[in-house]
Amino acid sequence: MDFSKRVLRLTALIPPGRVSTYGEVAKALGGVRFSRAVGVALNKNPHPVKVPCHRVVRSDGRVGGYSSGVAEKIRLLAEEGVIVGDGKVLDFGNKLITYDELRRL
DNA sequence: AGTAAGGCGGGCA
DNA sequence: GTGCCCGCCTTAC
């Protein structure tokens, strides 16, 4: 399976109202060293709705990028109850899905 | 095939 | 806590 497909498949598992990070997704794929490549894969964004790329943020709680613009990313998150304030996800620790949780989905 | 760029992370000052 | 710099892996030219 291509790397990017595995990224998309994992990302699709993140439930609404929760988020994960590029690093956590990377770890689930074998190691945090893949984190950058995860961003690249999501950037292709093949299925705008099927794959909730907007639920993947940076490891420090900052939002990170989005192919259709960060503002859009923030808006989509807000619709799901994830509020972004001052560039960071509020209540980050509780909304975050770690790599082992991802693996168990 | 070489190279540069990209939705990042971690470590150190 | 902040900022910088270096390393990493995958893709696109």
Side-chain angles (χ1 to χ4, degrees):
Chain A
M1 180 85 82
D2 306 293
F3 179 81
S4 51
K5 293 216 177 180
R6 300 204 299 153
V7 172
L8 299 172
R9 208 173 46 167
L10 272 175
T11 305
L13 301 177
I14 305 172
R18 304 286 308 277
V19 295
S20 192
T21 71
Y22 301 96
E24 293 301 315
V25 173
K27 285 180 200 165
L29 293 174
V32 71
R33 58 181 177 283
F34 295 95
S35 52
R36 218 165 188 171
V38 168
V40 173
L42 291 179
N43 186 24
K44 317 288 187 197
N45 193 1
H47 299 291
V49 272
K50 195 167 185 257
V51 181
C53 331
H54 59 282
R55 295 182 196 142
V56 183
V57 301
R58 292 185 66 136
S59 59
D60 55 6
R62 276 163 32 219
V63 188
Y66 196 63
S67 49
S68 317
V70 179
E72 178 67 1
K73 182 169 183 175
I74 293 175
R75 190 183 68 70
L76 289 167
L77 286 170
E79 281 182 9
E80 302 176 346
V82 178
I83 310 305
V84 176
D86 201 38
K88 298 208 298 164
V89 174
L90 302 184
D91 205 17
F92 183 53
N94 293 300
K95 312 252 186 204
L96 177 65
I97 303 206
T98 58
Y99 80 93
D100 45 296
E101 286 184 80
L102 267 180
R103 290 203 46 112
R104 281 196 275 279
L105 294 176

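Note: hydrogens, waters and symmetry copies are ignored here, and every other heavy atom, side chains too, is used. Lettering of chains follows the sequences in order, A, B, ..., and the numbering in each one begins at 1.
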*Asks:* Identify which nucleotide among C:dT11, B:dG9, B:dG7 has an atom closest to any side-chain atom of A:Lys73, counting heavy atoms from C-beta outward.
*Replies:* B:dG7
*Asks:* Using purine N1 to pyrimidine N3 plus N6-O4 or O6-N4 for Watson-Crick, or N1-O2 and O6-N3 for G-U wobble, both under 3.5 Å, which nucleotide pairs with C:dG7?
*Replies:* B:dC8
*Asks:* Decide whether A:Val51 and A:Phe34 are clustered together by the hydrophobic rule: side chain heavy atoms of Ile, Leu, Val, Met, Phe, Trp, Tyr closer than 4.5 Å, transitively.
*Replies:* yes
*Asks:* Scan side-chain atoms only and decide if A:Thr98 and A:Asp100 contain a donor-acceptor pair under the 3.5 Å cut-off.
*Replies:* yes
*Asks:* To the side chain of A:Lys44, which of C:dA12, B:dG7, C:dT10 is closest?
*Replies:* C:dA12
*Asks:* Please state how far atom CD in A:Glu24 lies from atom C1' in B:dC8, giving the value in whole angstrom units.
*Replies:* 13 Å
*Asks:* Below 4.0 angstrom from OP1 or OP2 of B:dG7, is there any side-chain N or O of A:Arg58?
*Replies:* no
*Asks:* If you look at every strand shown and take non-hydrogen atoms under 4.0 Å, does A:Phe34 touch a base, only sugar-phosphate, or nothing?
*Replies:* sugar-phosphate
*Asks:* Has the side chain of A:Arg58 got a donor or acceptor atom that lies under 3.5 Å from a matching backbone atom of A:Val63?
*Replies:* no
*Asks:* To the nearest Å, give me how far apart NE2 (A:His54) and P (B:dG7) are.
*Replies:* 18 Å
*Asks:* Roughly how many Å is it from CG in A:Leu29 to C1' in C:dC8, rounded to a whole number?
*Replies:* 14 Å
*Asks:* A:Arg62 CZ to B:dG10 C1': how many Å, rounded?
*Replies:* 13 Å
*Asks:* So, does A:Asp60 use its side chain to make a donor-acceptor pair with the main chain of A:Arg62 at under 3.5 Å?
*Replies:* yes
*Asks:* Which of the following nucleotides, C:dC9, B:dG7, C:dT11, is nearest to the side chain of A:Tyr66?
*Replies:* B:dG7
*Asks:* Using the side-chain heavy atoms of A:Ser59, tell me which of these nucleotides is nearest: B:dG10, C:dT10, C:dA12.
*Replies:* B:dG10
*Asks:* Please give me the minimum heavy-atom distance between A:Val32 and A:Lys27, naming the atom from each residue.
*Replies:* N-CG, 3.9 Å
*Asks:* Assess whether atom CZ of A:Arg103 is packed by more than 12 heavy atoms of other residues, nucleotides or ligands within 6.0 Å.
*Replies:* no
*Asks:* Listing time: all N or O pairs from protein to nucleotides 5-7 of chain C that are below 3.5 Å?
*Replies:*
unit_1	atom_1	unit_2	atom_2	d
C:dG7	O6	A:Arg36	NH1	2.4
C:dG7	O6	A:Arg36	NH2	2.7
C:dG7	N1	A:Arg36	NH1	2.8

*Asks:* Could you tell me the separation between the CZ atom of A:Arg33 and the P atom of B:dG11, rounded to a whole number of Å?
*Replies:* 15 Å
*Asks:* C:dC4 P sits how many Å from A:Asp60 CG, rounded?
*Replies:* 15 Å
*Asks:* How close do A:Tyr66 and A:Glu72 get, heavy atom to heavy atom, and via which atoms?
*Replies:* CE2-CG, 3.9 Å
*Asks:* Roughly how many Å is it from CG in A:Asp2 to P in C:dA12, rounded to a whole number?
*Replies:* 11 Å
*Asks:* In whole angstrom, give the distance that lies between atom CZ of A:Phe3 and atom P of B:dG7.
*Replies:* 14 Å
*Asks:* Contact class for A:Val70 (heavy atom, under 4.0 Å): base, sugar-phosphate, or nothing?
*Replies:* nothing
*Asks:* Which of the following nucleotides, B:dG9, C:dT11, C:dC9, is nearest to the side chain of A:Val32?
*Replies:* B:dG9
